[in-house]
Amino acid sequence: MNIPVIDAHVHIQPWKMIKPAHLAMMQGKRPDIPQLFEIMYTPEKLLAHLDREKIERIVSINYVSPEIMGFTDQVNDYAADYAKKCGGRVIAFGSVHPTRTTDAAGDMDRLIALGLRGVKLHPAHQPCYPNDYRNGNANLETIYRKCEEAGLVLMIHTGTSIFPGARNVYADPIHCDDIGVDFPKLNVILAHGGRPLWMDSAMFVVRRHPNFRMDLSSIPPELVPEYFPKLEAIGDKVLWGSDWPAPGVPGMRANVDRFLGLNYPDEFKRKVVFENAKRLYRI
Ligand SMILES: [Zn+2]
């Protein structure tokens, strides 16, 4: 099938900032580490790579996690600067740390002024429940309100993480249900659909709230029908993402081709790999 592809979950990240043990795990046994390192600091190399892979656009995800991953809030400048050099082919997300920021409103204003299109919240790497605003975390409330006002998308990591220090108790998508109740206009993406433990919770929350979506990133494509037997029921709310270059993801094109080879109707596949992201990001 010849469908244009928006890979809505890719990690172009400042690898020099990552703690050594975490970087080693992220890189795994990939044979292409030197090339990837170059891509992380050279937008032209990424654009050439996207051409080779026949990927129209990507959404690149960065987040602040000094305590677990090593990422400082400098990731926002990095992400914005990188995207600016890619002429619209890279839609960039940044982040404000929900418990460490000392000026959530100011940090959000800066993130918005940088031109970033979304905020990534990583409850397992920024240890905090996504509904902690109900227990007095005013930073989270500010982050969500500002996203809602400025039309930014909120992506929340759901599902386990095995990086050293990750706190998985926070990563169950059921904690995101409150956000749909309290911030109904906020566009929310549950990244990874709660895999591999909480797919049913993710499906429930996404179906319940009109502005919730989920992405299929970091799920081996062949497991998608087993993990989400009713996926077609939320056909307008599923986004394709590879999570490249995470371990186990050989390539953006290799992964999307595996998804396109699954036994779903063509119309559904087209929505997932292209139309839904196009609409959400107003491309
Ligand atoms: Zn990811």
Side-chain angles (χ1 to χ4, degrees), residues 6 8-13 57-65 71-123 125-126 128-134 136-158 175-191 205-206 209-215 236-237 239 241 275-283:
I6 300 172
H9 191 133
V10 169
H11 291 288
I12 302 299
Q13 291 173 309
R57 289 168 208 259
I58 63 165
V59 180
S60 175
I61 310 298
N62 272 281
Y63 59 95
V64 180
S65 172
F71 296 122
T72 69
D73 60 9
Q74 288 296 310
V75 294
N76 290 333
D77 296 291
Y78 164 89
D81 185 54
Y82 196 106
K84 270 193 198 103
K85 293 174 179 152
C86 293
R89 287 183 81 184
V90 173
I91 293 165
F93 272 53
S95 124
V96 172
H97 197 294
T99 61
R100 297 197 160 219
T101 179
T102 53
D103 178 15
D107 285 352
M108 278 301 298
D109 288 343
R110 277 184 283 280
L111 186 154
I112 293 163
L114 282 170
L116 296 168
R117 299 286 309 278
V119 167
K120 168 76 176 271
L121 191 76
H122 201 315
H125 293 178
Q126 301 166 326
C128 181
Y129 287 107
N131 61 349
D132 200 39
Y133 62 89
R134 299 197 75 234
N137 181 334
N139 294 333
L140 268 182
E141 169 121 26
T142 301
I143 292 167
Y144 297 162
R145 287 263 170 260
K146 291 264 183 189
C147 278
E148 208 172 34
E149 281 164 24
L152 265 63
V153 176
L154 176 70
M155 177 185 283
I156 307 175
H157 173 102
T158 62
H175 305 302
C176 304
D177 183 54
D178 280 327
I179 301 171
V181 174
D182 297 323
F183 303 89
K185 294 198 191 105
L186 183 56
N187 281 312
V188 175
I189 300 169
L190 302 185
V205 176
V206 170
H209 301 294
N211 288 320
F212 271 49
R213 296 165 178 81
M214 65 176 219
D215 77 33
D236 293 326
K237 306 179 105 188
L239 303 167
E275 300 289 349
N276 292 344
K278 183 171 183 277
R279 200 171 59 248
L280 175 62
Y281 294 109
R282 304 184 298 276
I283 293 165

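Just the heavy atoms: all of them, side chains too, but no hydrogens, waters or symmetry mates, feed the values below. When a residue number appears, it is its place in the shown sequence, counting from 1.
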Side-chain contact, heavy-atom cut-off 4.5 Å: [X] with [Y]?
{"X": "Leu280", "Y": "Ile189", "result": "yes"}
{"X": "Cys147", "Y": "Met108", "result": "yes"}
{"X": "Leu140", "Y": "Tyr129", "result": "no"}
{"X": "Val153", "Y": "Val59", "result": "no"}
{"X": "Leu152", "Y": "Lys146", "result": "no"}
{"X": "Asp215", "Y": "Met155", "result": "yes"}
{"X": "Asn76", "Y": "Leu116", "result": "yes"}

Test Tyr63 against every option in His125, Gln126, Lys120 by the side-chain hydrogen bond (donor to acceptor under 3.5 Å, both in side chains) rule and name the one that passes.
His125
Do side-chain atoms of [X] reach the backbone of [Y] as a donor and acceptor pair under 3.5 angstrom?
{"X": "Arg213", "Y": "Asn187", "value": "no"}
{"X": "Arg117", "Y": "Tyr281", "value": "yes"}
{"X": "Asn211", "Y": "Leu186", "value": "no"}
{"X": "Thr158", "Y": "Ala191", "value": "yes"}
{"X": "Asn62", "Y": "Ile12", "value": "yes"}
{"X": "His209", "Y": "Asp177", "value": "yes"}
{"X": "Lys237", "Y": "Phe212", "value": "yes"}

Arg110 meets the salt bridge (charged side-chain N to carboxylate O under 4.0 Å, His left out) criterion, sequence neighbours left out, with Asp103, Asp107
Checking Glu148 now: which residues fulfil salt bridge (charged side-chain N to carboxylate O under 4.0 Å, His left out) with it, not counting sequence neighbours?
Arg145
For a quick test of reading the model, state the closest non-hydrogen atom pair linking [X] to [Y] and the distance between them.
{"X": "Leu111", "Y": "Ser95", "result": "CD1-N, 3.5 Å"}
{"X": "Ala79", "Y": "Ala92", "result": "O-CB, 3.8 Å"}
{"X": "Ser60", "Y": "Val90", "result": "CB-CG1, 3.9 Å"}
{"X": "Ile61", "Y": "His11", "result": "O-ND1, 3.0 Å"}
{"X": "Leu114", "Y": "Ala80", "result": "O-CB, 3.6 Å"}
{"X": "Pro184", "Y": "Val181", "result": "CD-O, 3.9 Å"}

Is it the case that more than 12 heavy atoms not belonging to Arg134 sit under 6.0 Å from its CZ atom?
no
Go through the structure and list residues passing ring pair (Phe, Tyr, Trp, His ring centres under 6.0 Å) with His157, not counting sequence neighbours.
His122, His192
Will you find, in the side chains of Asp182 and Tyr144, an N or O donor that is under 3.5 Å from an N or O acceptor?
no
Scan side-chain atoms only and decide if His175 and Asp132 contain a donor-acceptor pair under the 3.5 Å cut-off.
no
Nearest 0.5 Å please: distance from the CG atom of Leu239 over to the CZ atom of Arg279.
9.0 Å
Given Ile91 and Ile283, is the side chain to side chain contact (heavy atoms under 4.5 Å, CB included) satisfied, shown in steps?
CA-CA 10 Å; Ile91 293 165; Ile283 293 165; 3.8 Å; yes
Any chance the rings of Phe183 and Tyr133 have centres within less than 6.0 Å?
yes
Would you please test Val188 and Cys176 for side chain to side chain contact (heavy atoms under 4.5 Å, CB included) and show each step?
CA-CA 9 Å; Val188 175; Cys176 304; 5.6 Å; no
Under the side-chain hydrogen bond (donor to acceptor under 3.5 Å, both in side chains) criterion, do Asn139 and His97 qualify, and how do the steps go?
CA-CA 8 Å; Asn139 294 333; His97 197 294; over 6 Å; no
Before you tell me yes or no, could you show the steps for Val75 and Gln13 under side chain to side chain contact (heavy atoms under 4.5 Å, CB included), namely the whole-Å CA-CA distance, both residues' side-chain angles and the distance that decides it to 0.1 Å?
CA-CA 8 Å; Val75 294; Gln13 291 173 309; over 6 Å; no
